[in-house]
2 protein chains.
Amino acid sequence: MQAKVLREFSRGRHKHSACITDALKAAEHSCKERGIRFTAIRRRVLELVWASHEPVKAYDVLDILRNERSSAAPPTVYRALEFLLEEGLVHKIESLNAYVGCGEPGHLDSGQFLICSSCGEVAELDDPELVKLITEKAKQIGFSIKDQIVEILGCCSQCLSSK
Amino acid sequence: MQAKVLREFSRGRHKHSACITDALKAAEHSCKERGIRFTAIRRRVLELVWASHEPVKAYDVLDILRNERSSAAPPTVYRALEFLLEEGLVHKIESLNAYVGCGEPGHLDSGQFLICSSCGEVAELDDPELVKLITEKAKQIGFSIKDQIVEILGCCSQCLSSK
DNA sequence: ATATGTAATGTTATAATATAACATTATATA
DNA sequence: TATATAATGTTATATTATAACATTACATAT
Ligand SMILES: [Zn+2]
Ligand SMILES: [Zn+2]
Ligand SMILES: [Zn+2]
Ligand SMILES: [Zn+2]
């Protein structure tokens with residue numbers, strides 16, 4: 001069984017503007033469905049997080065936002081990120097203190113992240129088999145799982161083949 | 001197949017001083033074997049990281065160190081932690097920005113951490129089966145693994161049974 | 001024992017990441 | 001339109017981590 005890829009590596013040139021518009025459209029839809037406000041700030045922060053396939057730093061988002069909105073300050077960004085995290089629209093990469101857009105808003109389990117140390121991009125998998133094994137292993141020692149963080153460091157296929 | 005527990009939850013009262021002395025002894029031995037200097041600062045920082053079964057913050061270590069050594073400053077602690085991380089004597093819990101002692105210095109793979117949100121303690125597993133599955137899943141999409149981070153959040157058996 | 005190079009620590013400053021607390025404004029709906 | 005709630009503005013500060021350079025300790029060769 002192969003893992004489902006929620007968020008891909010960019011794999012060379014592709015029409016990334018489509019990644020962004022898809023993500024925004026999905027977010028809009030998801031929020032509308034849940035009766036939740038997808039404000040201009042939240043939308044713009046999500047757009048900036050999706051600027052590339054690399055994880056984005058909160059203060060890099062802030063630097064851009066400051067040029068557009070004089071009132072932008074750290075809480076502006078962190079509140080928007082908090083909202084987006086809660087709604088499952090972005091994920092935090094804990095080992096990088098950085099954020100990535102979620103390729104499939106609203107999927108249940110938290111994904112597994114592949115981090116390429118060569119190109120810096122991050123992909124997201126959703127692998128029920130892996131989640132299940134982790135759950136079982138924990139259960140065997142009497143531990144009850146609420147959430148799990150899986151961040152896999154290495155080199156993506158694109159970077160491997162271009163060596 | 002059951003995961004090997006490298007670092008246990010404390011499971012109620014136990015002679016924790018033995019955990020500390022064991023860890024220091026193991027570290028001393030490991031460093032001697034590798035011809036590496038286990039200085040007083042490094043030893044003391046490791047001892048403080050092992051103060052309990054909960055992960056420890058760098059600045060909490062620093063606060064204690066300052067009372068013992070007037071020259072203690074952030075680099076004092078971060079350098080010691082960096083050394084201990086490199087030697088496999090401690091691990092960083094990325095999702096908490098905190099550090100735990102390694103229950104079995106020198107084991108090869110990075111472990112899997114169980115974080116109890118009730119008591120705050122952290123256990124470490126070494127499960128080759130899990131490592132293997134993660135490696136295979138990554139391989140299936142052409143990704144080559146260098147390292148992996150697994151942090152499992154939930155509730156430990158001790159806390160579950162005391163509810 | 002002394003010189004020499006390297007590793008470790010000291011010291012000061014600052015960068016990077018994140019939150020607290022309270023004021024103001026916008027939005028929904030009664 | 002009044003009211004409650006959610007969102008944003010604003011200022012300050014907490015937390016986590018590193019840069020850069022000076023000094024000291026240690027191992028080893030002479
Ligand atoms: Zn794209
Ligand atoms: Zn890559
Ligand atoms: Zn103990
Ligand atoms: Zn517990």
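First the proteins, then the strands, lettered A, B, ... as listed; each starts at 1. All values below come from the heavy atoms of this structure, side chains included, with hydrogens, waters and symmetry mates left out.
Judged by distance alone, with hydrogens and angles left aside, the side-chain atoms of A:Arg66 form no donor-acceptor pair with the main-chain N or O of A:Ala73 at under 3.5 Å.
Side-chain polar atoms of A:Glu151 and A:Ser95 form a donor-acceptor pair below 3.5 angstrom.
Closest-nucleotide positions on DNA chain D for B:Arg37 and B:Leu96 were compared, and the one nearer the 5' end corresponds to B:Leu96. In this structure, B:Pro74 and B:Ser71 both approach DNA chain C, and ranking their closest nucleotides by distance from the 5' end singles out B:Ser71. Closest-nucleotide positions on DNA chain D for A:Arg79 and A:Tyr59 were compared, and the one nearer the 5' end corresponds to A:Arg79.
Taking all atoms of both residues into account, the shortest heavy-atom contact from A:Ser157 to A:Arg11 is OG-NH2, 3.2 Å.
One finds no side-chain N or O of A:Lys57 lying less than 4.0 angstrom from the OP1 or OP2 phosphate oxygen of C:dA16. At C:dA8, one or more side-chain N or O atoms of B:Arg42 fall inside 4.0 Å of OP1 or OP2 (strictly under the cut-off). Between B:Tyr78 and the phosphate of C:dA8, there is no side-chain N or O to OP1/OP2 separation shorter than 4.0 Å. Considering only side-chain N and O atoms, B:Asn97 lies under 4.0 angstrom from the phosphate OP1 or OP2 of D:dA17. Distances shown here put a side-chain N or O of A:Lys92 below 4.0 Å from the OP1 or OP2 atom of C:dA18.
When rounded to the nearest whole Å, the span between CZ of B:Arg34 and P of C:dA7 equals 16 Å. C:dA15 atom P lies 15 Å from atom CG of A:Asp60, rounded to whole Å. Here the C1' atom of nucleotide C:dA16 and the CG atom of A:Leu81 are 15 Å apart, to the nearest Å. Between the CD atom of B:Glu87 and the C1' atom of C:dA8 there is a distance of 14 Å, given to the nearest Å. In this structure, B:Ile41 atom CD1 and D:dT24 atom P are separated by 15 Å, rounded to whole Å. One atom, CZ of B:Phe83, and another, C1' of D:dA17, lie 20 Å apart when rounded to the nearest Å. Nucleotide D:dA19 holds its C1' atom 13 Å from the CD atom of B:Glu82, rounded to whole Å.
Both key distances under 3.5 Å define a Watson-Crick or G-U pair, and stretches of 3 or more such consecutive pairs in DNA chain D run C:1-30 with D:1-30.
Salt-bridge formation is detected for the pair A:Arg44/A:Glu47: a Lys NZ or Arg NE/NH1/NH2 atom is positioned less than 4.0 Å from an Asp or Glu carboxylate oxygen. Classification of A:Glu136 and A:Lys139 as a salt-bridged pair fails, no side-chain N sitting under 4.0 Å from a carboxylate O. We find that A:Lys137 and B:Asp127 are joined by a salt bridge, their nearest charged nitrogen and carboxylate oxygen being less than 4.0 Å apart.
In the set C:dA18, D:dT16, D:dT10, D:dT10 carries the atom at the smallest distance from any side-chain atom of A:Pro75. Of the candidate nucleotides D:dG9, D:dT10, D:dA17, D:dT10 has the atom nearest to the side chain of A:Ala73.
When each of B:Arg43, B:Arg42, B:Arg37 is tested with B:Glu28 by the rule salt bridge (Lys or Arg N to Asp or Glu O under 4.0 Å), just one qualifies, namely B:Arg43.
Residue contacts shown for B:Tyr99 are limited to sugar-phosphate atoms, with no base heavy atom under 4.0 Å away.
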Using ring pair (Phe, Tyr, Trp, His ring centres under 6.0 Å), reason through B:Phe113 and B:His91 one step at a time and then give a plain yes or no. CA-CA 10 Å; B:Phe113 299 96; B:His91 299 292; 5.2 Å; yes
